[in-house]
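Both counts, for ligands and for their atoms, begin at 1 and track the order of listing.
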Amino acid sequence: MADEPYGTTKGFFLSSVCWMTLGALAGLIGAIELVAPDLLGNIPWIVFGRIRQVHTNLVMFGFVGAGLLGGIHYLVPTLVRTPLFSERIGKLSLWLWNLALVAGVVTLSLGYTQSREYAEMVWPIDIGVLIVLGLIFFNLLETVRHRKENLLYVSVWYIFGGLIFTFLTYFFGNAVWHPDTGSITGIPDAILAWFYGHNILGFFFTTFAVAAAYYIVPIVSRTPLYSHTLSLIGFWTILLMYSHIGTHHLLQAPTPTWLKVIAITGSVGMVIPVMTVLVNLWLTMKGRLGNIHSDIGGKFIFAGSVWYLLTCLQGPLQSLPYVQRLTHFTNWVIAHAHMGVLGFAGTMTLGTIYFILPRITGRPLFSSRLANVQYWLVLVGLIGFFTVLTTAGLIQGNGWLNGETVYRILPQIHLYMVLRAGLGILILAGATIGLCNVFMSLYGGERQTN
Ligand code: HEM
Ligand code: HEM
């Protein structure tokens, strides 16, 4: 069974949709606690401080991470026209990844945390994650070394760039040479922590999601990629720009001014890699939106590309000190985070899963209609999230700038917190439908006719 073709990709995809459902549920529990803090009875392992960390780690490393790792185990072999070097190593990576996540949920729920955003999981789990990244790198590198296709398509560049940078980011960002705390001290640690937090988004999620989009868009558009040169410019400029701008998360902190200036300049410069990717994808799609939308995978990828544009227009804007003075520490940032991680990376992940699934099972999706229902539930939920949270953020920011204390603003944003919890039910419903659809596509017998 270990050598079943595409077994690794199938396993990662199933894991992704399971973690999406559990992660969204954890988000909903957290949202309910922000509406009515005592409603759930203050059970220690789900108090807000713990369930928030469970939520972010599950949606980021479980849902988006596992989905995109499944994607690259299909993309690399397909693009170099050679089977995956070892499905056994692939399966080992899959099981270790899931084991790390289960251990993460248990330890975070019990209160064991390194208390650094997105780097909360404790040291032994970090080592597990690094081993998995190393195994995946080795497996895919051996696949490329045995390749039958000489030309390395841009997606392969993105995937290897992503793997190398993610490994380094994770190693340094979690300060794994300090197992007791997983951190260094003082302001240097804040800088290190946001070097990490920011690069995980840019080098783990963005590189793999863009790699998938570069593969899927020309196929569903039934035309070659608009420009190979442009795609490589995008690749090298993202490495150049993204790596050193994490300090834009610390503009309100006593970090060195020169570092802030570099971070702000680089954040605005991010427009270059982002726009080269988007212009390239959209010119490939030009006049072919009908084709794109007739494939449910393509439809998700297109939506993800629009969210990428919006996230990366908002990102440079909120990197400007005058803007951030209003928006920092407010729900504005939570809106941006959901737009980036769910809208861009998550929607691309779902597109990758739905595009690849029929190709590895050899039969249509269990139900394209259900996938469409999921598409709309996530889209409506997310547009709602963005509107509600941005509004709440502006209320908080304006109140604080006018000297109001934090707790006196809370009644003013209560309604928005209620609405966010309600919208979260839509996203959770979408995640559950996706879980059923992917499970049935892999293991179900009868197909639905649409
Ligand atoms: C399934 C896709 C989802 C993804 C990828 C996602 C992603 C994220 C991320 C990245 C954060 C951290 C935000 C930050 O620190 O700036 C976050 C926080 C949060 N999310 Fe989600 N989320 C998802 C679904 C949900 C759902 C369905 C709900 C339910 C209402 C939800 C509620 C929350 C809450 C309450 C927080 C904490 C906000 C705070 O600290 O004030 N999320 N989510
Ligand atoms: C041009 C690109 C981007 C720029 C310049 C940018 C800029 C920023 C800035 C300045 C913040 C901090 C805001 C504050 O704390 O006041 C932030 C937060 C965040 N961004 Fe972006 N962003 C970009 C793209 C993205 C993308 C593509 C994603 C998702 C894949 C993303 C996910 C996040 C998340 C999760 C946070 C919340 C971090 C936290 O918990 O505090 N961003 N972004």
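Within the set Ala263, Gly315, Ala337, the minimum heavy-atom distance to atom 3 (C) of ligand 2 is found for Gly315. For the residues Met241, His328, Gln318, Met60, the heavy atom positioned nearest atom 8 (C) of ligand 2 is part of Gln318. Looking at Ile264, Leu201, Thr327, it is Leu201 that brings a heavy atom closest to atom 32 (C) of ligand 2.
Residue contact check for ligand 2: Trp194 places a non-hydrogen atom closer than 4.0 Å to it. Not a single heavy atom of Phe329 sits closer than 4.0 Å to an atom of ligand 2. Residue-ligand proximity: Val333 is placed with a non-hydrogen atom under 4.0 Å from ligand 2.
If you number the atoms of ligand 1 from 1 as listed, the ones under 4.0 Å from a heavy atom of Gly424 come out as 27 (C), 29 (C), 30 (C). Residue-ligand proximity, Thr56 to ligand 1, at heavy-atom distances under 4.0 Å covers atoms 11 (C), 12 (C), 17 (C). Residue Gly340 has at least one heavy-atom neighbour below 4.0 Å for each of these atoms of ligand 2: 28 (C), 29 (C), 30 (C). Per-residue contacts place Ser267 under 4.0 angstrom from the following atoms of ligand 2 (heavy atoms of the residue considered): 5 (C).
A donor-acceptor pair under 3.5 Å is absent between the side-chain atoms of Glu404 and the main chain of Gly399, judged by distance alone. Not a single donor-acceptor pair under 3.5 Å links the side chain of His414 to the backbone N or O of Leu410. Using a distance-only test at 3.5 Å, with no hydrogens or angles considered, a donor-acceptor pair links the side chain of Asn280 to the main chain of Ser227. A donor-acceptor pair under 3.5 Å is absent between the side-chain atoms of Ser221 and the main chain of Pro218, judged by distance alone. Using a distance-only test at 3.5 Å, with no hydrogens or angles considered, a donor-acceptor pair links the side chain of Thr347 to the main chain of Gly343. For His249 (side chain) and Ile245 (main-chain N/O), no donor-acceptor pair under 3.5 Å exists by modelled atom type. Side chain of Gln53 to backbone of Gly104: no donor-acceptor contact under 3.5 angstrom is found.
Using the six-membered ring where Trp is involved, Phe439 and Tyr443 have ring planes that are tilted, between 30° and 60° apart.
Outside the 6.0 Å centre-distance limit, the rings of Phe386 and His336 are not counted as a close aromatic pair. Between Tyr158 and Phe235, the ring center distance clears the sub-6.0 Å criterion. In summary, the aromatic rings of Tyr375 and Phe300 are positioned with their centroids under 6.0 Å apart.
Remark: at atom 21 (Fe) of ligand 1, atom NE2 from His55 and atom NE2 from His338 enclose 170°, rounded to the nearest 10 degrees.
Among protein heavy atoms, the minimum distance from atom 26 (C) of ligand 1 is reached at Phe385 CZ, 3.8 Å. The protein atom (non-hydrogen) at minimum distance from atom 37 (C) of ligand 1 is Arg52 NE, 3.7 Å. In this structure, the protein non-hydrogen atom closest to atom 10 (C) of ligand 1 is Val341 CG2, 3.8 Å. Nearest non-hydrogen protein atom to atom 27 (C) of ligand 2 is Phe344 CD2, 3.9 Å. Leu342 CD1, 3.5 Å is the protein heavy atom nearest to atom 2 (C) of ligand 1. Taking atom 12 (C) of ligand 2 as the reference point, the nearest protein heavy-atom neighbour is His249 ND1, 3.6 Å. Given atom 1 (C) of ligand 1, the protein heavy atom at minimum distance is Val59 CG1, 3.8 Å. Nearest protein heavy-atom neighbour of atom 34 (C) of ligand 1: Arg420 NH1, 3.9 Å. Atom 7 (C) of ligand 2 has His248 CE1, 3.3 Å as its closest protein atom, hydrogens excluded (heavy atom only).
Closest approach between atom 21 (Fe) of ligand 2 and any N/O/S atom of His336 involves NE2.
Proximity of Phe48 to ligand 1, defined as any heavy-atom pair under 4.0 Å, is confined to the side chain (atoms from C-beta onward). By the criterion of a heavy-atom distance under 4.0 Å, the side chain of Met270, and not its backbone, is placed next to ligand 2. In Gln324, the part holding a heavy atom less than 4.0 Å from any atom of ligand 2 is the side chain. Heavy atoms of Glu117 found under 4.0 angstrom from ligand 2 belong exclusively to the side chain.
Checked for salt-bridge contact, Arg52 and Glu117 meet the test: a charged N lies under 4.0 Å from a carboxylate O.
At a cut-off of 2.8 Å, His198 does not coordinate atom 21 (Fe) of ligand 2 through any N, O or S atom.
Checked against a 3.5 angstrom limit, the closest N/O atoms of Thr311 and ligand 2 fall outside it. Between Thr206 and ligand 2, no N or O atom pair is found at a separation short of 3.5 Å. Inclusion of Tyr118 in the set of residues having an N or O under 3.5 Å from an N or O of ligand 2 is warranted.
Under 3.5 Å, the side chains of Trp19 and Asn98 contain a donor-acceptor pair of N or O atoms. Counting only N and O atoms by type, the side chains of Tyr170 and Asp126 include a donor and acceptor under 3.5 Å apart. Between the side chains of His73 and Thr8, no donor-acceptor pair is found at a separation under 3.5 Å. With hydrogens and angles left out, the side-chain atoms of Trp194 and Thr247 include no donor and acceptor closer than 3.5 Å.
With respect to Tyr354, the side-chain contact (heavy atoms from CB on, under 4.5 Å) criterion is satisfied by exactly one of Asn437, Thr349, Ile301, Ile216: Asn437.
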